[in-house]
Every structure is written in C-alpha cells, then in structure tokens.
Enquirer: 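Let me give you the structure first, and then I'll get to my questions.
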Amino acid sequence: MNINKGKVMAKTFTDLVVNIIKNIPRGKVTTYGMIAICAGNPRGARQVAWILHSSSTKYDLPWHRVVNRHGEISFRPSLDFSLQRCLLEEEGVMFDNRGRVDLAENLWWP
DNA sequence: GCATTGACTCTAG
DNA sequence: CCTAGAGCCAATG
C-alpha cells in the first residue's frame with residue numbers, strides 16, 4: 001500500500017522545489033521566495049534560483065514562470081531573458097513598462 | 001570537507 | 001527609487 005516504500009517520493013529540498021515549479025499553472029507566475037517557503041526553507045530562495053538556472057536543462061521546468069519578489073526577471077538581459085518575457089506574454093501575463101508583472105494578479109500560491 | 005558561487009531576500013541609509 | 005551590506009542554503013570543484 002505504500003507508494004513511497006522505496007524511493008519514489010521526493011524528500012530533498014531540490015526535488016520538492018522541482019515538484020512545486022512543475023505544478024505552476026499556465027498563465028501564472030511565482031517567486032523564488034514562495035517556492036522556498038513551500039519547500040520548507042523560507043531562506044532558500046537562492047537555492048531555488050540555483051536549481052532553475054543550473055538544472056533547467058536536467059529537469060523539464062517552466063523556469064520562465066519563476067520571477068523574483070518584484071515580479072521581474074532577475075538575471076541580466078539575454079536571449080533567455082527575452083524568451084521568458086515572450087513565453088509569459090504568450091500565457092497572458094502582462095508586463096509593466098519596467099519589465100515587471102502584476103504579482104497581485106498573476107502570483108500563484110499553492 | 002572546505003571554499004566559491006548563485007536567475008534571492010531583507011534591512012538600513 | 002537606488003545602493004550597500006548581511007543572511008541563508010545547496011550544488012560544484
């Protein structure tokens with residue numbers, strides 16, 4: 001009856017973060033801090049960011065739906081930067097003139 | 001096992 | 001609004 005009898009369930013912070021990000025609905029965004037809190041580490045926002053940029057190629061994560069606390073893309077402008085904004089706009093997320101999204105409308109909370 | 005790094009967040013000025 | 005410093009945790013070398 002135990003589905004997690006062996007090694008199925010994710011127990012590590014990283015796996016938990018990955019699981020949360022994969023559950024982000026389309027058209028919504030969330031922050032590193034939110035994910036970190038849900039994963040059990042309110043101070044682990046950096047790890048969330050690290051996981052995204054480092055493991056985005058390993059895991060199939062919608063990294064473009066993850067933004068910083070200001071609702072803005074964190075890393076410096078690049079191809080991926082434009083890609084993230086494009087993907088979010090495709091999902092109906094509107095950006096401010098300063099490149100920020102309206103967290104009051106688009107912030108997703110598990 | 002230690003030192004460095006990182007797409008963060010918070011507080012203070 | 002912007003800058004500076006400190007804190008926190010995990011992966012990498």
Enquirer: Going by modelled atom types, is there a donor-acceptor pair between the base of B/dC8 and the side chain of A/R46 at under 3.5 Å?
Expert: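 When only heavy-atom distances are counted, A/R46 does reach the base of B/dC8 through a donor-acceptor pair under 3.5 Å.
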
Enquirer: Would you say the side-chain atoms of A/N19 pair up with the backbone N or O of A/D15, donor to acceptor, closer than 3.5 Å?
Expert: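 The answer is no, because no donor-acceptor pair under 3.5 Å joins these two groups.
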
Enquirer: C/dA11 phosphate, OP1 or OP2: any side-chain N/O from A/T14 under 4.0 angstrom?
Expert: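 So the side chain of A/T14 is within the cut-off, an N or O lying under 4.0 Å from OP1 or OP2 of C/dA11.
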
Enquirer: Yes or no on side chain to side chain contact (heavy atoms under 4.5 Å, CB included) for A/R69 and A/Y32, after CA distance, side-chain angles and deciding distance?
Expert: CA-CA 7 Å; A/R69 78 176 192 275; A/Y32 300 98; over 6 Å; no

Enquirer: If you find the nucleotide of DNA chain C closest to A/S54 and the one closest to A/R43, which residue's nucleotide is nearer the 5' end?
Expert: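 The residue whose closest nucleotide sits nearer the 5' end is A/R43.
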
Enquirer: May I have the distance from A/Y32 (atom OH) to B/dC10 (atom P), rounded to whole angstrom?
Expert: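 One finds 14 Å between P of B/dC10 and OH of A/Y32, rounded.
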
Enquirer: Judged by each residue's nearest nucleotide on DNA chain B, which is more toward the 5′ side, A/R69 or A/Q84?
Expert: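 Result of the comparison: A/Q84.
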
Enquirer: Starting at CZ of A/F13 and ending at P of C/dC8, how long is that distance when rounded to a whole Å?
Expert: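 In whole Å, C/dC8 P and A/F13 CZ are 15 Å from each other.
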
Enquirer: Find out whether the Lys NZ or Arg CZ of A/R100 is both under 6.0 angstrom from the six-membered ring centre of A/F95 and within 45° of the ring's axis.
Expert: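 Pair A/R100/A/F95 does not count as cation-pi.
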
Enquirer: What integer distance in Å separates A/R76:CZ from B/dC8:C1'?
Expert: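 Roughly 17 Å, once rounded to whole Å.
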
Enquirer: Identify which one of A/K28, A/R26, A/Q84 satisfies the side-chain contact (heavy atoms from CB on, under 4.5 Å) criterion when paired with A/R65.
Expert: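 Answer to the side-chain contact (heavy atoms from CB on, under 4.5 Å) test with A/R65 among A/K28, A/R26, A/Q84: A/R26.
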
Enquirer: A/L52 CG to C/dA10 P: how many Å, rounded?
Expert: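 Going from A/L52 (CG) to C/dA10 (P), I get 16 Å.
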
Enquirer: Separation of A/D96 atom CG from C/dC1 atom C1', in whole Å?
Expert: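 That distance rounds to 14 Å.
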
Enquirer: On DNA chain C, check which nucleotide each of A/N41 and A/R100 is closest to and give me the residue with the more 5' one.
Expert: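 Closest to the 5' end, via its nearest nucleotide, is A/R100.
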
Enquirer: Given the rule that I, L, V, M, F, W and Y join up when any side-chain heavy atoms are under 4.5 Å apart, are A/I20 and A/L103 in one cluster?
Expert: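 Yes; tracing contacts between hydrophobic side chains, which count when under 4.5 Å, links both residues.
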
Enquirer: Quickly work out the A/W50 CH2 to C/dT12 P distance and round it to whole Å.
Expert: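 The distance from CH2 of A/W50 to P of C/dT12 comes to 4 Å, rounded to the nearest Å.
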
Enquirer: Send over the distance from A/I51 CD1 to C/dC8 P, rounded to a whole Å.
Expert: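 Answer to the nearest Å: 19 Å.
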
Enquirer: Across the strands shown, which category fits A/G33 at heavy-atom distances under 4.0 angstrom: base, sugar-phosphate, nothing?
Expert: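 Answer is sugar-phosphate: A/G33 comes under 4.0 Å of backbone atoms only.
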
Enquirer: Round to the nearest Å and state the distance from A/F75 atom CZ to B/dT5 atom P.
Expert: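 So the CZ-P distance, A/F75 to B/dT5, works out to 21 Å.
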
